*Asks:* 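Next up is a structure, given as structure tokens.
By convention in this document, chain letters (A, B, ...) are assigned in the order of the sequence lines, proteins followed by strands, and residues within each chain are numbered from 1. Excluded from the calculations below are hydrogen atoms, water molecules and symmetry mates; all remaining heavy atoms, backbone and side chain alike, are included. As the structure is a prediction and not an experimental result, all values here were calculated from the model.
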Number of protein chains: 2
Amino acid sequence: MRGRRNAPPILPRKAPRQDRSRELVEWILEAATRILAADGLAGLTTNRVAAVAGISVGSLYQYFPNKDAIVVALIERTQRGVAEAVEAVAAQVRDAPLPTAIAAFVDLALHAQYDRSTLAVALDHEEQRLALHIEFAAEQRRIRRSVADTIRPSLRGLAPEAVDEAADDLHLLVRSMVDHAGATGVPRERIRPRVLRAALGYLEACRAEVRSCPR
Amino acid sequence: MRGRRNAPPILPRKAPRQDRSRELVEWILEAATRILAADGLAGLTTNRVAAVAGISVGSLYQYFPNKDAIVVALIERTQRGVAEAVEAVAAQVRDAPLPTAIAAFVDLALHAQYDRSTLAVALDHEEQRLALHIEFAAEQRRIRRSVADTIRPSLRGLAPEAVDEAADDLHLLVRSMVDHAGATGVPRERIRPRVLRAALGYLEACRAEVRSCPR
DNA sequence: ACCTGAACACCGTTCAAGT
DNA sequence: ACCTGAACACCGTTCAAGT
């Protein structure tokens with residue numbers, strides 16, 4: 001477990017119980033969102049967030065222990081949206097053949113990568129950096145479950161944990177390829193077949209393994 | 001081509017032609033290496049680098065236009081080592097069957113991820129951030145060529161550019177899975193078979209494509 | 001009890017002054 | 001021509017002073 005030592009407190013300082021507090025947190029996140037969308041990470045300073053939110057820096061620090069905590073909160077919010085989208089796709093392709101279902105997931109990833117704002121791109125990078133210090137486990141599990149449910153019928157005979165692992169691998173594989181393509185300027189229609197090949201190839205390899213040593 | 005606008009000058013300010021200059025650059029990089037190894041990215045400040053290198057900050061800025069340029073230089077140096085290792089492996093498995101060859105590449109990646117210093121981990125993260133502003137193209141091409149040479153015999157009938165793409169995909173896929181496993185604490189022997197499955201599955205999917213529509 | 005914002009510590013970068 | 005390091009601008013974070 002590398003990189004987990006000395007983890008600074010990154011979570012929100014206190015759960016905003018009162019309405020006013022909740023509102024304040026909302027203002028802060030809204031301000032951060034607007035700044036990120038306009039100027040990216042370079043423009044995001046705590047003083048600017050406070051100014052745009054219409055409060056003082058001191059107040060900001062009452063709700064977030066440091067700057068990263070603001071970014072983490074935004075990432076969590078974004079990830080919730082991603083998890084919901086994945087669940088929606090999973091529901092839609094419940095009875096579709098595997099290649100169709102996988103294609104739907106891949107297209108969702110492509111959409112997320114190619115049709116999105118500076119904001120989302122900036123958050124994506126921070127997510128990778130912060131992932132070493134904090135776990136975005138809850139949303140990760142929702143995504144895993146949706147993918148696992150989708151591929152399970154095709155992997156009959158595989159241990160449940162193996163299906164979960166396959167779902168995680170598939171998720172990572174698709175996301176890595178799509179992210180990298182987007183970052184290096186490979187056009188969407190050029191990367192799509194390659195991602196599909198990787199995803200379906202991986203699943204086919206899993207099936208071959210089941211066939212060769214069934215349980 | 002996202003993220004390439006406003007690219008600040010990140011390359012070394014001047015090629016150190018004289019011996020003394022070359023020595024200075026060497027001192028700077030050595031100091032940076034030592035600091036990164038000891039304290040990670042958080043400890044890397046230009047003033048500290050200068051102090052450890054035994055020069056003044058001003059001199060440092062004569063050879064590197066900014067802090068990132070130092071990190072980029074270190075990354076390039078590291079990548080040269082990686083490219084050499086890949087080439088060595090490729091030469092070793094030249095006549096081995098495909099699964100053996102792929103396993104050798106995967107083991108190289110596993111070794112790089114699991115048996116390395118704080119320094120390498122820190123550089124890895126910076127590489128992903130800086131990749132948006134600068135291309136580490138030369139070493140990338142060397143790696144691509146080695147992998148492409150290795151898989152080409154198994155992909156007879158595929159267009160040359162398609163083989164290169166497959167090599168890039170394979171590289172990315174292996175590296176992403178291994179990096180992620182290392183970062184989340186998945187033990188090496190648990191991730192190994194999954195990476196092999198992904199890599200070989202992808203290649204098998206490529207071969208299936210060739211068979212279904214030969215040229 | 002909570003908000004304010006000047007102040008602190010620190011960092012990347014510059015540039016007038018030296019040699 | 002090249003090096004030096006104080007100084008500048010700026011940023012994250014704190015805390016004494018207010019209400």
*Asks:* When Watson-Crick pairs (N1 to N3 and N6-O4 or O6-N4) and G-U wobble pairs (N1-O2 and O6-N3) count only below 3.5 Å on both distances, what is the dot-bracket string of DNA chain D, with | for other-strand pairs?
*Replies:* ||.|||||...|||||.||
*Asks:* Can you measure A/L60 atom CG to C/dC2 atom C1' for me and round it to whole angstrom units?
*Replies:*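 Whole-Å distance recorded here is 15 Å.
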*Asks:* With sequence neighbours excluded, what pairs up with B/R188 under the salt bridge (Lys or Arg N to Asp or Glu O under 4.0 Å) test?
*Replies:*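 With neighbours one apart ignored, the set is B/D115.
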*Asks:* Mind jotting down which residue pairs meet the salt bridge (charged side-chain N to carboxylate O under 4.0 Å, His left out) criterion with at least one end in residues 193-203 of chain A? Sequence neighbours excluded, please.
*Replies:*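 Sorted pair list: A/R194-B/E165, A/R194-B/D169, A/R197-B/E209.
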*Asks:* Kindly state each residue pair satisfying salt bridge (charged side-chain N to carboxylate O under 4.0 Å, His left out) with at least one member in residues 57-66 of chain A, sequence neighbours excluded.
*Replies:*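 Found none.
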*Asks:* How many Å lie between OH on B/Y61 and P on C/dT14, as a whole number?
*Replies:*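 It works out to 7 Å between those atoms.
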*Asks:* I'd like to check the salt bridge (Lys or Arg N to Asp or Glu O under 4.0 Å) partners of B/R141; sequence neighbours left out, ordered by chain and number.
*Replies:*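 Checked B/R141 against salt bridge (Lys or Arg N to Asp or Glu O under 4.0 Å); zero matches.
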*Asks:* Does A/D168 have any salt bridge (Lys or Arg N to Asp or Glu O under 4.0 Å) partners at least two apart in sequence or in another chain, and if so, which?
*Replies:*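 A/R144.
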*Asks:* Applying the side chain to side chain contact (heavy atoms under 4.5 Å, CB included) test to B/I191, which of B/L196, B/T184, B/V106, B/V186 qualifies?
*Replies:*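 When B/L196, B/T184, B/V106, B/V186 are each tested with B/I191, the side chain to side chain contact (heavy atoms under 4.5 Å, CB included) holds only for B/V186.
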*Asks:* How close or far is atom P of D/dC2 from atom OH of B/Y63, stated in whole angstroms?
*Replies:*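 Result: 7 Å.
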*Asks:* Are B/E189 and B/R192 ion-paired here, with the side-chain N under 4.0 Å from a carboxylate O?
*Replies:*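 Answer for the salt bridge query: no.
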*Asks:* Rounded to the nearest angstrom, tell me the gap between atom NZ in B/K67 and atom P in C/dG12.
*Replies:*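 Nearest whole value for this atom pair: 4 Å.
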*Asks:* Can you name the residues that form a side chain to side chain contact (heavy atoms under 4.5 Å, CB included) with A/A101, not counting sequence neighbours?
*Replies:*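 Per chain and number, A/A101 pairs via side chain to side chain contact (heavy atoms under 4.5 Å, CB included) with A/V93, A/T150.
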*Asks:* Check the distance between C/dG12's C1' and B/D68's CG and give it to me in whole angstrom.
*Replies:*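 After rounding, the reported distance stands at 11 Å.
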*Asks:* Provide the closest heavy-atom pair for B/F105 versus B/S146 in the form atom of the first, atom of the second, distance.
*Replies:*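 Taking B/F105 first and B/S146 second, the nearest heavy atoms are CZ-O, 4.4 Å.
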*Asks:* For B/E26, what residues pass the side chain to side chain contact (heavy atoms under 4.5 Å, CB included) criterion, not counting sequence neighbours?
*Replies:*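 Counting only residues at least two positions away or on another chain, B/E26 forms a side chain to side chain contact (heavy atoms under 4.5 Å, CB included) with B/E30, B/R77.
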*Asks:* Between A/R175 and A/E127, does any side-chain N to carboxylate O distance fall below 4.0 Å?
*Replies:*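 Between A/E127 and A/R175 there is a salt bridge, with a charged N closer than 4.0 Å to a carboxylate O.
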*Asks:* Restricting to nitrogen or oxygen on both sides, can you table the protein-nucleotides 16-19 of chain C pairs closer than 3.5 Å?
*Replies:*
none

*Asks:* Can you pull every protein N or O that's under 3.5 Å from an N or O on nucleotides 4-7 of chain C?
*Replies:*
from: C/dT4; atom 1: OP2; to: A/S56; atom 2: N; distance (Å): 3.1
from: C/dT4; atom 1: OP2; to: A/S56; atom 2: OG; distance (Å): 3.2
from: C/dT4; atom 1: OP2; to: A/S59; atom 2: OG; distance (Å): 3.0
from: C/dG5; atom 1: O6; to: A/G58; atom 2: N; distance (Å): 3.4

*Asks:* Filter on salt bridge (charged side-chain N to carboxylate O under 4.0 Å, His left out), then keep only pairs touching residues 33-50 of chain B, sequence neighbours left out; what's left?
*Replies:*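 Every pair satisfying salt bridge (charged side-chain N to carboxylate O under 4.0 Å, His left out) with a residue in residues 33-50 of chain B: B/D39-B/R48.
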*Asks:* Using whole Å, what does the distance between atom P of nucleotide D/dT13 and atom CZ of A/R48 come to?
*Replies:*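 Whole-Å distance recorded here is 17 Å.
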*Asks:* In whole Å, what is the span from the CG atom of A/L24 to the C1' atom of C/dA1?
*Replies:*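 Whole-Å distance recorded here is 14 Å.
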*Asks:* Could you check which residues of residues 26-46 of chain A get a heavy atom under 4.0 Å from DNA chain D? Sort them by number, please.
*Replies:*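 Contacts with DNA chain D under 4.0 Å: A/L44, A/T45, A/T46.
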*Asks:* Any idea which heavy atoms bring B/A122 and B/L41 closest together, and the distance?
*Replies:*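 Smallest interatomic distance, heavy atoms only, reads O-CD1, 4.0 Å.
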